[in-house]
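Values in this document were obtained by computation on a predicted structure and should not be read as measured data. Note on naming: letters A, B, ... go to the chains in the order of the sequence lines (proteins, then strands), and numbering restarts at 1 for each one.
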Amino acid sequence: MHQCFSSVVCRPYILPLMTSHDRTDHSRPQPVHWADQTANRIISDKGPRGADRPHYTCASGITPSGTVHIGNFREIISVDLVVRALRDAGHSVRFIYSWDDFDVFRKVPANMPNQDILAGYLRRPITDVPDPFGELSSYAERNERDLETVLPEVGVDPEYIYQAPKYRASEYAPGIRTALEKREVIRAILDEHRTTPLPDDWWPVSVFSRFSGKDTTKVVGWDGEWGLTYRCEETGEQETVDLRVTDLVKLPWRVDWPMRWKVEGVDFEPAGKEHHSAGGSFDTAKRVVADVYGSAPPVTFKYDFISIKGRGGKISSSTGEVIGLAEVLEVYEPQIVRYLFAGTRPNAEFAISFDLDVIKIYEDYDRCERIAFGVEEVGEKRAAKERRTYELSQFGPTSYPPAVGRMPLQLPFRTLCNYLMITAGDIDAALDRFAEYDPAVHADELPRLRRRAICAWNWITSCAPEDFRFELKDGSEPPVALAPQELAAVHAVRDEVSSRLDSHDEKSMQERIYEIAHEQGVDKRRIFAVLYDVLIGKERGPRLGGFLITIGRQRLLQILDRY
RNA sequence: GGGCGGCUAGCUCAGGGGUAGAGCAUCUGACUUUUAAUCAGAUGGUCGCGGGUUCGAAUCCCGCGCCGCUCACCA
């Protein structure tokens, strides 16, 4: 049993249930994957499904107050993985994603265009802020759409809930009224952790002014039922609204969150570490949902932050670049994005790398796949974990095990990069260079293979270190200056290529280079440096024997004929 | 000040009462040494410190120490 999961957050609600069955049932082994462990916890904490619980409800959500970045994505994918685990266990699940687009626009993010236009809309609900790109109906929708468009690419497809229309249609009016009725209960809960107590005239609601559109208002009274009176601080105007029809009132975050748990019947929702400490918003929300709304808080866990390695370092820099899911998908294929998150415990921080680590991640994933298919043998415990991680990384109709019934063709990332550099990014030409790749056999895998190739090429052109990159010459460049013996060696290589390249394999070609070095009296280290210089203008390069064969006779002669 | 997490091999981390683990690094060997290539093998740790429980503790309990994060505005 993981210590972190029995934190104070849930203790009052899980203890009675756990003693009744799961804890005492030793016949069933603990699942190896955190998503399955969480699913089990949801089932045992929340009880079996039944008439009043036809499905488990798993929730995620965020304020679309800016570009949704990869750190925010951790929450969504974490929920998705738990949803998968519940469904794999045979349960019906509702997966909701709440956009808090009735939230206030507090500051203009650096990565948005038309900054001064946006600045004019501060303190209004983000659903009323215009799209700075001038395409969609609002700033909120811009940020929502950007994420909603890309999520299906990683197999995530929640039911979206938009809070602005719900608030404006007064769907939450009963919840707001309850908050007003329990004003002092809420105040007491929030005050417990505040340095300065909430002022006497504090109310658990915020109101957007009908006169200014902004939330710079003050509640001046409540009639005990549906009538709420506020004053607009900007215009001095005052009016009384009916909660059942007004489109101006919302709950503050710490009350809004538990209210929605109650309304949607949320059984599970994780939260970032900024929410998950004593006095944090989850901590107060779980008390508010219990003491104000009379409902048990969801099962939860805390997820840690994501950092970025090899590309600026921060997810969201003040200079404007934001690393979102779309940026990660430029370099990592979708299953590997899932693999990154499925393979890391949520409460562990990790970095998404854009540097040389990318190669290792691809290799790790391919190994995981081999283990999952039993092609590579490891210990049973490790195998079980890798298998499950692999399963959770797959999605869609070709989910594990694939319909074709065999392990997908693996194109090693490093080799793929080399081939792409030789073909200057021509993906089909690069795929053709793989001996294992047979268009007739692998036709159904072509989209996936192409996707990997696109990622590899993106990585080479925008992330890979200079040392790694090369560009094959085309023969139009001025020849490299060489000593006579070196020139003779190059000629010998040219002759070899011209007459016998096709009869060589990687190894024999490599050996032939050594022979030529010996025959021409060139140092064996030196001949490699010379050939790399001639071919790609660098001192080092991919292992030469295979490299020459890969480049092919025609392109080699195009270059070598200059000598 | 409160809360959470970490402290295990040189590095990154897994393990969580029963002989201390992996990858990378290092070293040795192989491939007539070539992008941080591949293969075989080896070296390497008082599991932060101090107590306790136990036949047995890296693991559970108590205390302490660093390091980091987070809340105490807003969300």
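Here A:Tyr162 pairs with A:Glu148 under the side chain to side chain donor-acceptor pair (under 3.5 Å) rule; sequence neighbours left out. Residues forming a side chain to side chain donor-acceptor pair (under 3.5 Å) with A:Tyr97 (at least two apart in sequence, or on another chain): none. A:Arg543 meets the side chain to side chain donor-acceptor pair (under 3.5 Å) test with no other residue; sequence neighbours excluded. Under the rule for a salt bridge (Lys or Arg N to Asp or Glu O under 4.0 Å), A:Glu471 has no partner lying at least two apart in sequence or in another chain. In this view, A:Arg168 and A:Asp128 satisfy the side chain to side chain donor-acceptor pair (under 3.5 Å) rule, not counting sequence neighbours. With sequence neighbours left out, A:Asp474 forms a salt bridge (Lys or Arg N to Asp or Glu O under 4.0 Å) with no residue at all.
Here the side chain of A:Ala278 is nearest to one of B:A75, B:U70, B:G3, namely B:G3. Comparing B:U70, B:A37, B:A75 by their nearest atom to the side chain of A:Arg414 picks out B:A37.
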Polar-atom pairs under 3.5 Å, protein N or O versus N or O of nucleotides 10-14 of chain B: list them with distances, or write none.
residue	atom	partner	partner atom	Å
B:A14	OP1	A:Arg345	NH1	3.1

Mind listing the N/O atom pairs, protein and nucleotides 20-25 of chain B, below 3.5 Å?
none

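Contact check, A:Arg254 against B:A72: a side-chain N or O comes under 4.0 Å of OP1 or OP2.
The pair A:Arg287-A:Asp283 does not count as a salt bridge, with every side-chain nitrogen at least 4.0 angstrom from each carboxylate oxygen. A salt bridge links A:Arg512 with A:Glu519; the closest basic N to acidic carboxylate O contact falls under 4.0 Å.
The nearest heavy atom of RNA chain B to A:Lys302 and to A:Glu539 marks one nucleotide each, and the one closer to the 5' end goes with A:Lys302. Comparing A:Asp100 and A:Glu363 along RNA chain B, the residue whose closest nucleotide (by nearest heavy atom) sits nearer the 5' end is A:Glu363.
Taking the ring axis of A:Phe305 as reference, the NZ or CZ atom of A:Lys273 stays within 45° of it and closer than 6.0 Å to the ring centre.
Applying the salt bridge (charged side-chain N to carboxylate O under 4.0 Å, His left out) definition to pairs two or more places apart or across chains, none involves residues 411-420 of chain A. Identified under the salt bridge (charged side-chain N to carboxylate O under 4.0 Å, His left out) test for residues 358-375 of chain A, with sequence neighbours left out: A:Lys360-A:Asp364, A:Asp366-A:Arg452, A:Arg367-A:Glu376, A:Arg370-A:Glu376.
One N or O donor and one acceptor, one from the side chain of A:Arg525 and one from the base of B:U33, sit under 3.5 Å apart.
Contacts of residues 188-209 of chain A with RNA chain B (heavy atom under 4.0 Å): A:His193, A:Arg194, A:Thr195.
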Original post:
Using Watson-Crick and G-U wobble pairs with both distances under 3.5 Å, what is the 5'-to-3' dot-bracket string of RNA chain B, with [ ] for crossing pairs and | for pairs outside the strand?
Top reply: ((((((((.[[[[.)..(..]]]].(((((.......))))).....[[[[[..)....]]]]])))))))....

